[in-house]
Amino acid sequence: KAKGEGRGTFRFFEAALGNQVRMQRAIELDLREAIGKGELEVYYQPQLELATNAIRGCEALLRWRHPRLGFVSPAQFIPVAEKIGLIARLGEWVLREACRAAADWPVSVRVAVNLSPAQFRTSDVVQVVGDVLAATGLPARRLELEITESVLLQDSPQVIAALHALRGMGVGISLDDFGTGYSSPSYLLRFPFDKVKIDKCFVSADGMDARAISVVRSISRLAAELGITTTAEGVETAEQMERMRDAHCTDIQGFLISPPRPLRELRRFLGMDLEAEAA
Ligand code: C2E
Ligand code: MG
Ligand code: MG
Ligand code: MG
């Protein structure tokens, strides 16, 4: 009996693994063509400043609608893009789309774009950002770049120099997913970030115990002392928003305010295109 069960379990895993391998291969093969085929789209998620209740920024989040697999998560295909050497092209495409879109938004709304560590290794990020800003006409101060601690883990003087050059241009630099992975307060000393984004694990229902709130409060206090803002990610309920306010976070982002939206919907959310609607 035990033997039979073992076999069944093995078959099950084998099949699941086979599916995963096939899926991985499909993603690798199809991703190269996804841009050209128009399967990729940048969505935008608004960020709210708690003190004013105003939308002060939107994060660009990449979406891929695969013709057979359906919606594929960026958490799944960004690592593939890094692996097959496609991230620089993909990242530049997102940056261009996002800056072009934002150039048209109210000037009080910035756009935040995620940068992968591989983009620092395989492309001249400073040059690319400069070119895109010039081409789209977006003022540098309205662009924010989000990096995770893994960018700093490379501990390369070139990366730090690139970040300083970007900041020198006027671009904001945010530390994303703070509090997860290997991130520690020491990363805040390696580079003068403009903003810290507190990972959603501290905000979510599971994470929202007293200890998580204490961590958020201490991160916010540290950030305030450094003169930088804190955005809490993944805020889904009014109660979570109030807890983040109590913990002195300056901004929030999450489904409570809005899910990531296609550009047209985002514009309507920002109160643009109203005359077109009325007509
Ligand atoms: P991230 O930069 O930390 O983005 C925040 C993630 O949280 C997004 O997932 C967003 O959709 C999700 N989120 C927002 N509000 C809520 C909420 O209230 N509850 C919950 N549970 N989740 C929420 P998404 O869009 O699936 O992106 C996942 C990750 O993929 C991003 O994490 C980012 O690291 C990466 N990514 C997305 N777009 C790009 C891109 O253009 N370039 C690069 N390099 N990475 C990207
Ligand atoms: Mg981000
Ligand atoms: Mg994040
Ligand atoms: Mg993340």
Side-chain angles (χ1 to χ4, degrees), residues 42-63 71 73-75 78 98 101-102 105-106 108-115 142-149 172-181 183 185 187-188 193-263 265-271:
V42 181
Y43 277 40
Y44 300 91
Q45 186 175 36
Q47 302 168 328
L48 182 95
E49 183 178 55
L50 287 170
T52 58
N53 263 337
I55 301 298
R56 299 303 303 273
C58 295
E59 179 174 8
L61 293 161
L62 192 51
R63 295 290 177 260
F71 164 83
S73 161
I78 294 286
W105 299 344
S108 56
V109 182
R110 316 213 291 172
V111 68
V113 178
N114 293 284
L115 285 191
R142 292 188 52 212
L143 174 64
E144 240 169 60
L145 298 172
E146 297 191 1
I147 64 167
T148 59
E149 94 285 339
I173 310 288
S174 309
L175 184 54
D176 203 355
D177 299 347
F178 192 72
T180 63
S183 69
Y187 285 110
L188 294 175
F193 289 94
D194 300 281
K195 173 183 288 186
V196 173
K197 296 191 74 179
I198 299 177
D199 193 77
K200 53 181 166 287
C201 71
F202 295 102
V203 181
S204 68
D206 293 343
M208 223 182 34
D209 60 18
R211 289 182 309 159
I213 301 298
S214 299
V215 173
V216 174
R217 185 173 293 114
S218 65
I219 296 172
S220 303
R221 183 178 302 140
L222 180 59
E225 280 180 26
L226 295 171
I228 68 184
T229 60
T230 40
T231 303
E233 296 189 295
V235 174
E236 297 181 354
T237 68
E239 190 195 352
Q240 289 169 352
M241 174 172 74
E242 290 319 316
R243 297 233 193 167
M244 292 304 118
R245 195 195 303 275
D246 289 345
H248 302 294
C249 285
T250 57
D251 303 79
I252 59 167
Q253 176 179 347
F255 298 155
L256 175 68
I257 306 306
S258 166
R261 297 170 187 263
L263 181 57
E265 282 180 32
L266 187 271
R267 289 171 59 92
R268 228 172 299 149
F269 183 88
L270 294 177

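In what follows, every heavy atom counts, from backbone to side chain, and hydrogens, waters and symmetry copies are set aside.
- Rounded to the nearest 0.5 angstrom, R211 CZ and F202 CZ are separated by 11.0 Å.
- Side-chain contact between L222 and T230 is absent, with no heavy atoms from C-beta onward closer than 4.5 Å.
- A heavy-atom distance below 4.5 Å is found between the side chains of F255 and Q45.
- Contact detail for P74 and L62: the closest heavy-atom pair is CG-O, 3.5 Å.
- For the pair P46 and P259, the tightest heavy-atom approach, listed with the atom from each and the gap, is CD-O, 4.1 Å.
- Shown here are the side chain to side chain donor-acceptor pair (under 3.5 Å) partners of E236, two or more places apart in sequence or in another chain: there are none.
- Here the side chain of T250 pairs no donor or acceptor atom with the backbone of T229 at under 3.5 angstrom.
- Side-chain atoms of I257 and V235, non-hydrogen and from C-beta on, never get closer than 4.5 Å to each other.
- Side-chain contact between T237 and L256 is absent, with no heavy-atom pair separated by less than 4.5 Å.
- The pair E265-R268 fails the salt-bridge criterion, with no side-chain N (NZ, NE, NH1 or NH2) lying under 4.0 Å from an Asp/Glu carboxylate O.
- Annotation: ring pair (Phe, Tyr, Trp, His ring centres under 6.0 Å) contacts of Y187 (sequence neighbours excluded): none.
- Shown here are the ring pair (Phe, Tyr, Trp, His ring centres under 6.0 Å) partners of Y44, two or more places apart in sequence or in another chain: W105.
- A donor-acceptor pair under 3.5 Å is absent between the side-chain atoms of R110 and the main chain of E144, judged by distance alone.
- Closest of all the heavy-atom pairs between E59 and N114 is OE2-ND2, 2.8 Å.
- Closest of all the heavy-atom pairs between L270 and P106 is CD1-CD, 4.4 Å.
- Across all non-hydrogen atoms, the minimal contact from T148 to L175 is C-CD1, 4.0 Å.
- Listed by first then second residue, pairs satisfying salt bridge (Lys or Arg N to Asp or Glu O under 4.0 Å) with a partner in residues 213-229 number zero, not counting sequence neighbours.
- Distance check: H248 NE2 to I219 CD1 gives 14.0 Å after rounding to the nearest 0.5 Å.
- For E146, the salt bridge (Lys or Arg N to Asp or Glu O under 4.0 Å) partners at least two apart in sequence or on another chain are K197.
- With rounding to the nearest 0.5 Å, the separation of CG in L48 from OG1 in T231 is 10.0 Å.
- In plain terms, the two heavy atoms of P260 and R63 that are nearest each other are CG-NH2, 3.6 Å.
- With a 4.5 Å cut-off on side-chain heavy atoms, I228 and D194 do not count as touching.
- Remark: side-chain polar atoms of D177 are not paired, donor with acceptor, to backbone N or O of D199 under 3.5 angstrom.
- Taking 4.5 Å as the limit, some side-chain heavy atom of F193 sits within range of a side-chain heavy atom of I147.
- Of the candidates L50, V203, I198, I252 forms a side-chain contact (heavy atoms from CB on, under 4.5 Å) with just one, namely L50.
- Under the rule for a side chain to side chain donor-acceptor pair (under 3.5 Å), the partners of S258 that lie at least two apart in sequence or sit in another chain are R261.
- Rounded to the nearest 0.5 angstrom, E233 CD and C249 SG are separated by 11.0 Å.
- At a threshold of 4.5 Å between non-hydrogen side-chain atoms, the residues M244 and I213 count as touching.
- Atom OG of residue S108 and atom CD of residue E49 lie 10.0 Å apart, to the nearest 0.5 angstrom.
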